[in-house]
Each structure stands twice: as C-alpha cells, then as structure tokens.
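In what follows, every chain begins at residue 1, and chains take the letters A, B, ... in the order their sequences are listed.
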2 protein chains.
Amino acid sequence: MGATIKDIAKLAGVSPGTVSRVLANKTGFFSAQTGEKVRAAAKELGYQKNTAAAELVTRQSNVIAAIVNSTKTNFASPIIEGIQAEAHLHDLNVIIVYAGDDDPEQQRRALTTVIERPVRSILLLSVDLSADNLQLLQSAQIPFCFLSISFDDIQVPYITSDDWQVGYQATQTLLQRGHRGIGLAGVDSDFHTGRQRVSGYRQAMQEAGIRVQPAWVQLGDYSYAAGQQAMQAYGADTALTAVIGASDMAAVGVLNQARSLGLQVPTDLSILAIDGTTICDLVQPALSSISQNFYEMGVAGVRQVSAPDDTSQKITPIKLVERQSIRRLK
Amino acid sequence: MGATIKDIAKLAGVSPGTVSRVLANKTGFFSAQTGEKVRAAAKELGYQKNTAAAELVTRQSNVIAAIVNSTKTNFASPIIEGIQAEAHLHDLNVIIVYAGDDDPEQQRRALTTVIERPVRSILLLSVDLSADNLQLLQSAQIPFCFLSISFDDIQVPYITSDDWQVGYQATQTLLQRGHRGIGLAGVDSDFHTGRQRVSGYRQAMQEAGIRVQPAWVQLGDYSYAAGQQAMQAYGADTALTAVIGASDMAAVGVLNQARSLGLQVPTDLSILAIDGTTICDLVQPALSSISQNFYEMGVAGVRQVSAPDDTSQKITPIKLVERQSIRRLK
DNA sequence: GCACGTTACACAAACGTTTGCAATGCTGAT
DNA sequence: ATCAGCATTGCAAACGTTTGTGTAACGTGC
C-alpha cells in the first residue's frame with residue numbers, strides 16, 4: 001500500500017535507481033542537491049522501505065535470529081541482552097522465535113520460519129535439536145551457533161560454560177567449606193551438559209576420597225519440581241549437609257522442599273545453585289551460586305556467527321557468587 | 001545459493017508456475033502425477049522456499065510480530081505462550097523483538113525492523129511508545145494491538161486487565177480480612193495503568209471510611225528495588241498491617257525488606273502481590289496475589305489483530321489467588 | 001463431426017528493490 | 001578544438017515467487 005521508491009522518484013523527478021542510492025546513502029553517487037530532494041520526497045510520502053524486495057536482490061539481510069527452546073528458562077534473558085547489545089554494534093537486528101519445549105514439530109516450525117527468509121545467522125539458545133532438524137539447519141547454509149549447550153556426539157559450533165568445571169567447582173566449593181555429604185539435585189543425564197556436570201561432581205568427590213552414594217545424584221530436568229522431588233527423595237533425616245541445585249530453579253525447589261521438611265537453610269542444609277540468575281537474590285536466604293556469564297555467551301555468539309573463526313567451540317567463564325545459603329562446617 | 005522453483009521446474013520438466021502451484025498445494029490445478037514429480041524433485045534438490053520473494057508478490061506474510069519492552073518483565077512469558085498457541089491455530093508464525101526499556105531509539109529500531117517487512121500484525125507487550133513512534137506505528141497500516149497496558153489519552157486498541165478493579169479488589173481483599181492500614185508499594189503514577197490502580201485503591205479505602213495517609217502510597221516502577229524502597233519508607237514500626245505490591249517483583253521487594261526490618265510475614269505484615277506469576281510460588285511465604293490472566297491476553301491479542309472488530313479495547317479477567325502471605329485480623 | 005466443458009499445463013507480468021553499465025555534461029589539460 | 005577524466009544520473013536486468021490468462025488436449029453428448 002505504502003509509497004515505493006518509484007513514487008519518490010516521480011515526485012523528486014529522478015530515477016528509481018538514484019533514489020535507491022540516496023536512501024542507502026551511497027555517498028559519491030549523487031549530488032547534495034539531489035539527496036535533499038529525494039529525502040524530502042521520501043519524508044513527504046511517508047516512505048517505508050520494503051525489506052522483502054531488498055533482501056530478494058541482495059540475498060542477505062541484517063537480521064539475526066535467536067531460537068529459544070522455551071519461554072520458561074529464566075536465563076534466556078541475559079543471553080538475549082548480550083545478543084542485542086553486540087548485534088546493535090554491528091548494526092544488526094534481532095528477532096526471537098520460540099521452539100517450544102523439546103517438541104520436534106515446533107522446532108521444525110521455528111527453524112523454517114527463520115530459514116525461509118534470508119536471515120544473516122542463527123543462534124540457538126539451549127535448544128537440543130532432533131536429528132532431522134539439525135540436518136535441516138545445516139543444509140540451510142546459514143551460519144549458526146548453539147548457546148548454553150554442548151555436544152560430544154556431533155561437531156557443531158557452540159558457546160557454553162565448561163560444564164565439567166561447573167560441576168567440579170561447585171563440589172569443590174562445598175568441600176572446602178567442610179561438607180562431605182553433598183547431593184546433586186535435578187540434573188539431566190540424557191544430554192552432554194548434564195553428564196559433564198555429574199562427571200565434574202564425581203571427580204571432585206573422588207579426589208576428596210568420598211564415596212558417592214547412588215541416591216546423592218538425583219536426576220531431573222533442572223526444573224523447580226525436579227529440585228523439590230530431589231529434596232523429597234533425600235528426606236528430612238538425610239546424611240547430606242549440602243545440596244547442589246542443577247539450576248537456580250532446581251535449587252529453589254530444594255530450598256522450599258527442605259523448609260517443608262523442617263530443615264533450616266543454611267543451618268541444617270547448605271545449598272549451592274548453578275546459574276546465578278536474578279532469582280538467587282529473590283529468595284530467602286539468597287542462594288549462593290556458581291554463576292554463568294550468560295550475557296557474555298550472547299555477545300560471543302554474535303561474534304562467532306559474524307566472523308566464524310577456526311575454533312568454533314568456546315567457553316565462557318564461571319564464577320562463585322557467595323550469598324547466604326552455604327554454611328561453613330567445622 | 002539454494003535451489004529455486006525454476007531448478008525444480010527444469011528437473012521435473014514442468015513450468016515454474018506449476019511448481020509453485022504444487023508446492024502451495026493449490027489442488028485442482030495439477031494432476032496427481034505432476035504433483036509427485038514436482039515434490040520428488042523439490043526433495044531431491046533440498047528446496048527451501050524464499051519467503052522474501054513470495055511476500056513481495058503476495059504482499060502479506062504469515063508472521064505476526066510481538067514487541068516486548070524488556071527482557072526483564074517476567075509476565076511476558078505467559079503472554080507470549082498465549083500468542084504462540086493462538087497464532088499456531090491460525091497457522092501464523094510469531095517473531096519477537098525487544099524494544100529495550102523506555103528507550104525511544106530502541107523502540108524505533110524495533111518498530112522499523114517489523115514494519116519494513118510485511119508482517120501480518122503487531123502486538124505490543126506493555127510497551128509505552130513515544131509520540132513519534134506511535135505515529136510511525138499507525139502510519140504503517142499494519143493491524144496492531146497493545147497488550148497489558150492501557151491508555152486514556154489516545155484511542156488505540158488494547159487488551160489488559162481492568163486496572164481500576166485490580167486496585168479496588170486488592171484493597172477489598174485486605175479490608176475483608178480485617179486490615180485497615182493498607183499500603184500500596186511500587187506503583188507508577190505516570191501512566192494510565194498505575195493511576196487506575198491507585199484510583200481503585202483509594203475508592204475502596206474511602207468506601208471503608210479510611211483516610212489514606214500520603215506515605216501509604218509509595219510510587220515506583222514496579223521493580224524489586226521499588227518494593228524494597230517502599231518498605232524501607234514504611235519502616236519497621238509502620239502503622240500498616242498490610243501492603244499491596246504493585247507487581248510480583250515489587251511484592252517480593254517488600255517481603256525481603258520487611259524481613260530485613262525484622263517483620264514476620266504474614267504475622268506482622270500481610271502482603272498481597274499484583275500479577276500472580278510463578279514467582280509468587282517461589283518465595284517463602286508464597287505470595288497471595290491478584291492474578292492477571294496473561295495467557296488469555298496473548299490469545300485475545302492475536303484474535304484482535306486477526307479479525308479486528310468494533311470493540312477494540314478489551315478486558316481480561318482477574319482473580320484472587322490465596323497463598324500464604326495474608327493474615328486474617330480479628 | 002461439431003460445439004462445448006474440463007483438465008492440465010505453459011507463459012508472462014508483476015511485486016519493489018539493487019546495481020552494473022551506459023550516457024550525459026562538465027572541467028581542465030593538451 | 002579535442003579528449004581524458006570525473007561526477008552525476010538514467011536504464012534495465014535481476015532476485016524468486018505468485019497468479020491471471022491463454023491454450024492445447026481430451027472427452028462428452030448431440
């Protein structure tokens with residue numbers, strides 16, 4: 001409906017090509033006077049560029065797509081902020097599309113939505129693609145990068161924390177404070193990330209000469225409910241003095257369930273969360289955490305797809321943030 | 001780079017037009033045999049449709065855009081879920097773009113990102129547009145609808161809760177439980193939404209014959225910090241027995257600050273949150289809330305822009321959800 | 001055998017932009 | 001006067017798709 005470049009051309013008395021050059025600011029290709037005329041005409045007509053047409057001929061766009069797996073993961077926010085900030089630096093726009101929660105059909109839908117238009121690149125936030133969909137993505141010839149997820153079976157670019165270190169340092173942190181009965185709650189063992197965390201945990205325990213009881217590692221899906229269930233399984237008279245929540249949400253689940261069981265945190269039980277999102281500061285006691293640098297992941301992701309380099313798998317740093325949920329044992 | 005419709009045509013030995021019809025499933029325009037041939041060829045070439053080209057000629061797309069004002073608002077999730085669910089019913093895809101936080105420049109950027117391509121419609125989640133940007137939006141001739149925000153000064157379609165009722169019912173709830181000293185914390189008076197809530201609050205108090213002290217209404221921006229500051233202002237020896245948090249986050253701020261001041265919730269102070277997102281269940285005690293139906297807002301928003309009808313301003317229901325943060329006074 | 005419908009396809013225009021190339025006019029040097 | 005070089009602009013092709021129109025081929029009923 002809106003005015004086109006031709007309308008402007010007519011109004012300004014120049015050719016469409018010239019209008020295009022002026023609007024794209026291809027300096028050196030037109031006189032200052034013409035520039036003024038064209039811009040005035042464009043403004044008068046309320047011109048809005050038709051990007052579809054432009055993308056059709058240039059075969060590239062300035063939008064980068066972020067695919068997120070669920071609206072529920074609270075750590076998506078800082079990643080997206082990082083993506084936005086870095087993208088704006090490169091004068092790129094960001095669109096986000098949701099891929100549901102482990103639903104291959106929704107994943108496919110999200111993928112085709114972005115692949116069918118010439119997006120510059122694709123960032124996948126913590127989404128675990130089905131084999132079909134991964135192939136779809138790879139065949140699209142668009143630069144992509146996974147964020148906050150890692151793989152051992154396939155060779156794709158990803159940026160994440162060192163999950164083994166996450167597990168190891170979390171455990172070390174508690175060991176150093178005198179704990180020996182340490183649980184790991186709500187962790188997933190189906191995917192690489194979870195397996196790595198468990199592995200780091202086991203290594204730290206082994207180095208400390210502690211034999212990990214099977215019930216100490218409670219599997220789950222990182223959710224609040226998974227944390228609750230884990231704590232329920234440990235029980236009120238658990239031998240554990242500390243629990244590592246596999247995520248912030250899981251840790252909060254542990255916290256609340258512990259309270260239901262009559263345990264005081266951190267007096268009776270220490271809790272260490274993994275992630276370090278804002279939620280750690282919202283609950284009481286505030287949860288100490290092994291914090292990931294999600295913002296940096298977003299930034300690094302944009303850099304990676306903008307200028308893919310040799311090392312396509314990168315690690316962002318983690319750090320311990322002490323709050324109030326860990327007690328030092330004698 | 002990818003295969004085009006012409007490549008398929010050549011391979012299948014038909015014309016591009018026919019290929020287009022087959023792929024668009026315009027049944028009746030081709031024989032079963034041709035259909036098979038074309039589909040086989042498309043598969044073999046790994047054909048991916050170029051939506052930009054299609055949108056160029058049809059002048060419409062099947063994507064609807066959601067503009068959200070910040071990654072921080074936690075109620076965006078259920079709205080987006082509602083949007084997704086309803087959009088998928090209509091076979092529409094959803095893209096989300098962030099408009100920053102009250103930054104006109106970022107708003108403009110987000111707007112042009114979506115306007116420059118033929119999106120079907122635009123949903124604005126709780127974003128308060130500057131005058132310029134509103135005009136930009138309106139001049140784009142794309143159906144739009146504001147969600148979770150209301151206006152009294154301009155005439156635009158929006159869907160939200162009845163904010164006056166929110167304030168009124170929240171206050172009523174506490175009055176009915178015997179409270180008379182009731183604060184309102186973290187509410188914004190610059191925009192319609194906040195003013196309405198305050199107005200509902202005042203009306204309920206007046207009906208109960210209670211004179212509202214100026215300090216009882218603590219203004220803010222609905223944030224956690226605003227809640228904290230409000231509670232700080234009330235002080236440990238406040239005359240209030242109950243506080244309404246203007247949002248969940250504000251309520252949590254009130255809760256934690258109250259605890260810092262040595263007040264027990266709900267024993268010493270009752271708290272009622274407004275919004276009712278998942279965060280109410282995460283903290284201890286779980287916060288009772290006047291809950292908005294955000295999911296429904298998303299659904300209604302998609303319906304509104306899909307089939308705009310006469311009444312362009314709609315109200316979604318609210319309800320009281322009792323948890324553990326309100327004490328009944330004698 | 002003819003008129004008429006139907007089916008199944010090809011043809012070509014159109015969408016709004018970008019961009020290589022050609023054309024024009026001008027400047028200044030030869 | 002001629003010409004090279006440059007600045008400025010117009011021209012037209014191209015991007016990949018959709019869709020209205022044209023047209024064969026093939027019945028069908030008389």
Legend entry - Distance (rounded to the nearest 0.5 Å) between A:Gln135 CD and A:Ile154 CD1: 11.5 Å
Legend entry - Residue pair B:Ala41 / B:Ile8: nearest heavy atoms and the distance that separates them: CB-CG2, 3.9 Å
Inset, instruction - Determine, for B:Asp103 against B:Arg109, whether the closest basic-nitrogen to carboxylate-oxygen distance falls under 4.0 angstrom. - result: no
Legend entry - B:Ser20 vs D:dT19: side-chain N/O to OP1/OP2 distance below 4.0 Å: no
So which protein nitrogen or oxygen atoms get under 3.5 Å of nucleotides 20-24 of chain C's nitrogens or oxygens?
{"unit_1": "C:dG20", "atom_1": "O6", "unit_2": "A:Arg21", "atom_2": "NH1", "d": "3.4"}
{"unit_1": "C:dG20", "atom_1": "O6", "unit_2": "A:Arg21", "atom_2": "NH2", "d": "3.0"}

Inset, instruction - Starting from the 5' end of DNA chain C, give me the residue, A:Thr18 or B:Gly28, whose nearest nucleotide shows up first. - result: B:Gly28
Inset, instruction - Send over the distance from B:Asn62 CG to D:dT18 P, rounded to a whole Å. - result: 12 Å
Legend entry - Value in whole Å for how far the C1' atom of C:dT18 lies from NZ of A:Lys49: 9 Å
Legend entry - Check: B:Asn50 and A:Leu56 side chains under 4.5 Å, non-hydrogen atoms: yes
Legend entry - Closest approach of B:Asp128 to B:Gln107 (non-hydrogen atoms, all atoms of both residues): O-NE2, 2.9 Å
Inset, instruction - State whether A:Ser31 places a side-chain N or O below 4.0 Å from either non-bridging phosphate oxygen (OP1 or OP2) of D:dT8. - result: no
Inset, instruction - Could you tell me whether B:Gly35 contacts a base, only the sugar-phosphate backbone, or nothing, with contacts defined as non-hydrogen atoms closer than 4.0 Å? - result: nothing
Legend entry - Gap between atoms CD and C1', on A:Gln48 and C:dG16 respectively (whole Å): 14 Å
Legend entry - Nucleotide C:dA8, atom P - distance to CD of B:Gln33 in whole Å: 10 Å
Legend entry - Length of the CG-C1' vector between A:Asp7 and C:dT17, whole Å: 13 Å
Inset, instruction - With heavy atoms under 4.0 Å as the rule, sort B:Thr51 into base, sugar-phosphate or nothing. - result: nothing
Inset, instruction - Rounded to the nearest angstrom, tell me the gap between atom CD in A:Glu55 and atom P in D:dT17. - result: 14 Å
Legend entry - Verdict with supporting geometry, B:Glu296 and B:Thr316, side-chain hydrogen bond (donor to acceptor under 3.5 Å, both in side chains): CA-CA 7 Å; B:Glu296 188 55 39; B:Thr316 48; over 6 Å; no
Under 3.5 Å, which N/O atoms of the protein pair with N/O atoms of nucleotides 13-15 of chain C?
{"unit_1": "C:dC15", "atom_1": "O2", "unit_2": "B:Val57", "atom_2": "N", "d": "3.4"}

Inset, instruction - Taking all heavy atoms of B:Ala65 and all of B:Val114, pick out the closest pair and write down the distance. - result: CB-CG1, 3.7 Å
Inset, instruction - Would you mind checking if A:Arg303 and A:Glu86 are paired as a salt bridge, meaning a charged N to carboxylate O distance below 4.0 Å? - result: yes
Inset, instruction - Find the distance A:Glu116:CD to D:dG16:P and express it as a whole number of Å. - result: 15 Å
Legend entry - Spacing of B:Phe151 atom CZ and B:Phe146 atom CZ [to the nearest 0.5 Å]: 4.5 Å
Inset, instruction - Specify the separation, in whole Å, of atom CD of A:Glu36 and atom P of D:dT8. - result: 15 Å
